[in-house]
S.K.: 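If you scroll down you'll find the structure; I have some questions about it.
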Amino acid sequence: MAVATDTFDPLSDPLQLRRQLILTGLGIALAIACLAAGAIGALDIPIWHVIAALAARCGIDLHIPVTALEDGALFSIRLPRVVLGIGVGATLGVSGAALQALFRNPLADPGLVGVSGGAACGAVGWIVLGASAPAWTHTAFAMPLAAFAAGVAATAGVYAIARSRTRTDIATLLLAGLAVNALTTAIVGYLTYLGTDTQLRALTFWLLGGLGGATWDQIWPVLLLMAAAGSGFAFLMRGYDLLALGEGAAGHLGLRVESVRRLTVVLTALGVGASVALTGIIGFVGLAAPHLVRLLGGASHRFVLPASALMGALLVVLADLFARIAVAPAELPVGVVTSALGAPFFIWLLRRRMGEASL
Amino acid sequence: MTAGLQGRNLTVVAGGRAILDAIDIDVAPGELTAVVGPNGAGKSTLLKTLAGDLIPRSGEVMLNGRPLAAWSQEERALQRAVLPQAPELAFAFRARDVVELGRYPHRKRATPGQDRDAIGGAMHATETSFLAGRDCKTLSGGEMHRTHYARVLAQIWSPLSEDRARVLLLDEPTASLDLFHQHAILAKARDIARQGAAVLAVLHDLNLAAAYADRMVVLADGRVEAAGVPRDVLTEGRVARVWRVDCSIAADEDGIVQVQVRPRRERALA
């Protein structure tokens, strides 16, 4: 029998140190990916020019000549796209981690459980029917909020179907997601049928998921909504740890389970709704990011949530970079890239869990 | 010290049948109360009702002198801990992280030192200290159960105030444990009771119950069949009637009652 370690010191806990290293590493990797995304493209900009241009905006002169063309490409085309990618990826990563905590199931994902589909319904509804809405509603917030509202309905629906007294089992959860996704697909199909030719072209590109064409004017309202959702999640992290014990045991520890559940549904729909409104459905990031960070640094949500944000941002920025250069000069929708990589990952996870016989 | 946990006239109905039928129970501070009874007697239902998970059709649960509903969720968690029969855990937390979850109700008032004392003390008491850094998915069933036991001990590690007894509810805490740990866990539960806590344990093993409980409550068909000190409650006639086994009962030199069940010989199920 080993000696009691009553003198456990959180400050020298090796796992805490490792988590800090992982967070730092993810931050550095994200910064490098962003610089690469700034440098690579139809117009190749040397990476030190990217750094110099960024420094110049911060008032630091690095004495490296940056041409006006480079500066223009960087700040009006590539940077908004990268910033949007960071916002969308972080939101999807955190939302995935939060949904997994809520369902106590590592296979939950905004796309699989129907949040994204619901949000897509709202967004498509706005594209097709928004023209007949009163003029004062036509702001940059309208589409994200329509997506948010429909996303709340879809998430609440899935939760009501799949929830059980004990751990929500994967089969029920996936089937509930399947049902809700079938419904949202039908609604999107019907709306498409109603749409005009111009609306259809907008819809097609949008449904595949893409960061292209983002402008500063478009992205700031979306980023604002995402930041609101993200800061809300920060208050729920400890509660998510308790939820791992089951809703009953979490309640016995004083957690207001009902509030946590409602808040999670609303925040997830807000973040995912905002992201879907501008970029369409980008699948599997919310599944993969929390998974990868849990493999690296364990299950505590005070680590998993921030790390999933960084990991999600990294995945989306890299996927978008790949989408831009893979078939240059044309480009792939980023949703196609994440799904092509994410689906096999999901299948692998599913097989592995079936091996554990806990499906 | 008074109060503790009381159930008055508790009736729970499910499927047209009374699972609990007007039960009165008193879990007094300073005592370990064992609830025993055959399968389906209503033991777990009683524990869930006392924990507030089930709302009884009639009757009332009083926690430290006030109806359960009059305490907020947070206030309940500060004075009362519950160990379920089959604790669950999603995701691969470390054993110490699980025990640390027990300190959640105290996050606004306890110092880091107090938290550490409670976590360390609870893990020491359950012999789980050596598991601290282990991933819970790699623990055996018994080790996992002890880790959860440490979690509920950490939750009520030290008394909050004079007029609020700590309450500990244990649903079959010994089910997945080896002999040594069955006794260790009940001995610890009795220790906590001696320090003023009101402890209730649902148990199947009559000898374990008799060895550690100050009071025993026998449930049968949703009713209290008998309640009192073990040596009064456990009689050969009652065990035969309630559990449908032949037995002989003797007290050892310390006055601890031992139930010896006679093996069945070619007798069909009654």
Side-chain angles (χ1 to χ4, degrees), chain A residues 1-11 13-16 97 100-108 164-170 238-260 290-291 293-295 297-304 356 358, chain B residues 48 51-54 71-84 86-94 96-108 112 115-133 135-137 148 151-152 154-155 169:
Chain A
M1 180 76 42
V3 186
T5 52
D6 292 359
T7 50
F8 186 91
D9 180 8
L11 291 178
D13 178 2
L15 188 59
Q16 291 301 336
Q100 292 173 8
L102 181 67
F103 285 105
R104 295 189 294 291
N105 195 315
L107 288 183
S164 71
R165 285 188 60 79
T166 58
R167 169 195 171 110
T168 308
D169 76 322
I170 306 176
R238 255 196 117 164
Y240 288 151
D241 282 349
L242 296 186
L243 271 185
L245 299 169
E247 293 187 0
H252 291 151
L253 282 162
L255 184 72
R256 273 172 278 179
V257 176
E258 190 61 41
S259 315
V260 171
H291 246 282
V293 302
R294 258 192 238 106
L295 280 178
S300 166
H301 288 90
R302 272 169 288 178
F303 161 74
V304 169
E356 289 170 13
S358 61
Chain B
K48 285 198 180 96
D53 294 344
L54 275 179
W71 297 104
S72 73
Q73 193 94 313
E74 284 90 345
E75 287 172 316
R76 283 187 221 176
L78 283 169
Q79 34 194 324
R80 183 270 278 127
V82 184
L83 181 67
E88 48 172 312
L89 182 69
F91 307 117
F93 287 91
R94 292 181 305 170
R96 190 185 187 279
D97 298 336
V98 172
V99 180
E100 196 183 343
L101 296 179
R103 297 303 293 171
Y104 179 79
H106 306 274
R107 66 197 179 285
K108 286 171 193 154
D115 283 340
R116 246 157 68 191
D117 288 350
I119 295 165
M123 294 189 82
H124 185 69
T126 52
E127 293 200 4
T128 50
S129 302
F130 74 105
L131 300 171
D135 172 354
C136 281
K137 298 282 177 206
H148 281 287
R151 166 172 68 78
V152 295
Q155 186 182 347
L169 303 177

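Convention: sequence-line order gives letters A, B, ...; per-chain numbering from 1. Only a predicted model underlies this, so the values are computations on that prediction, with no experimental measurement involved.
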S.K.: Top residue by heavy-atom pair count (under 4.5 Å) with chain B, among A/Gly298, A/Gly251, A/Gly239, A/Ala249?
M.R.: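 Most heavy-atom pairs within the cutoff with chain B belong to A/Gly251.
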S.K.: How long is the span from the CZ atom in B/Phe91 to the CG atom in A/Leu245, to the nearest 0.5 Å?
M.R.: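 Between B/Phe91 CZ and A/Leu245 CG, I get 11.5 Å after rounding to 0.5 Å.
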S.K.: Supply the atom-to-atom distance A/Leu253 CG to B/Arg76 CZ, rounded to the nearest 0.5 angstrom.
M.R.: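 It comes to 13.0 Å.
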S.K.: Tell me if the CZ atom of A/Arg238 is crowded by more than 12 foreign heavy atoms within 6.0 Å.
M.R.: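 Enclosed: over 12 neighbouring heavy atoms sit under 6.0 Å from CZ of A/Arg238.
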S.K.: Out of curiosity, B/Arg80 CZ to A/His252 NE2, how far, rounded to the nearest 0.5 Å?
M.R.: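 Interatomic distance, B/Arg80 CZ to A/His252 NE2, rounded to 0.5 Å: 5.0 Å.
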S.K.: Checking A/Leu243 against chain B: side chain, backbone, both or neither under 4.5 Å from a heavy atom?
M.R.: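 The answer is neither part of A/Leu243.
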S.K.: Looking at chain A, which one of B/His148, B/Glu75, B/Gln155 has the largest number of heavy-atom pairs inside 4.5 Å, strictly under?
M.R.: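 Top option by heavy-atom pairs under 4.5 Å: B/Gln155.
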S.K.: Can you tell which part of B/Pro105 gets under 4.5 Å to a heavy atom of chain A, answering side chain, backbone, both or neither?
M.R.: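 Contact with chain A: backbone and side chain both.
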S.K.: Once side-chain contact (heavy atoms from CB on, under 4.5 Å) is applied, do any residues pair with B/Asp97, and if so which ones, sequence neighbours excluded?
M.R.: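 B/Asp97: side-chain contact (heavy atoms from CB on, under 4.5 Å) contacts with B/Phe93, B/Arg94, B/Glu100.
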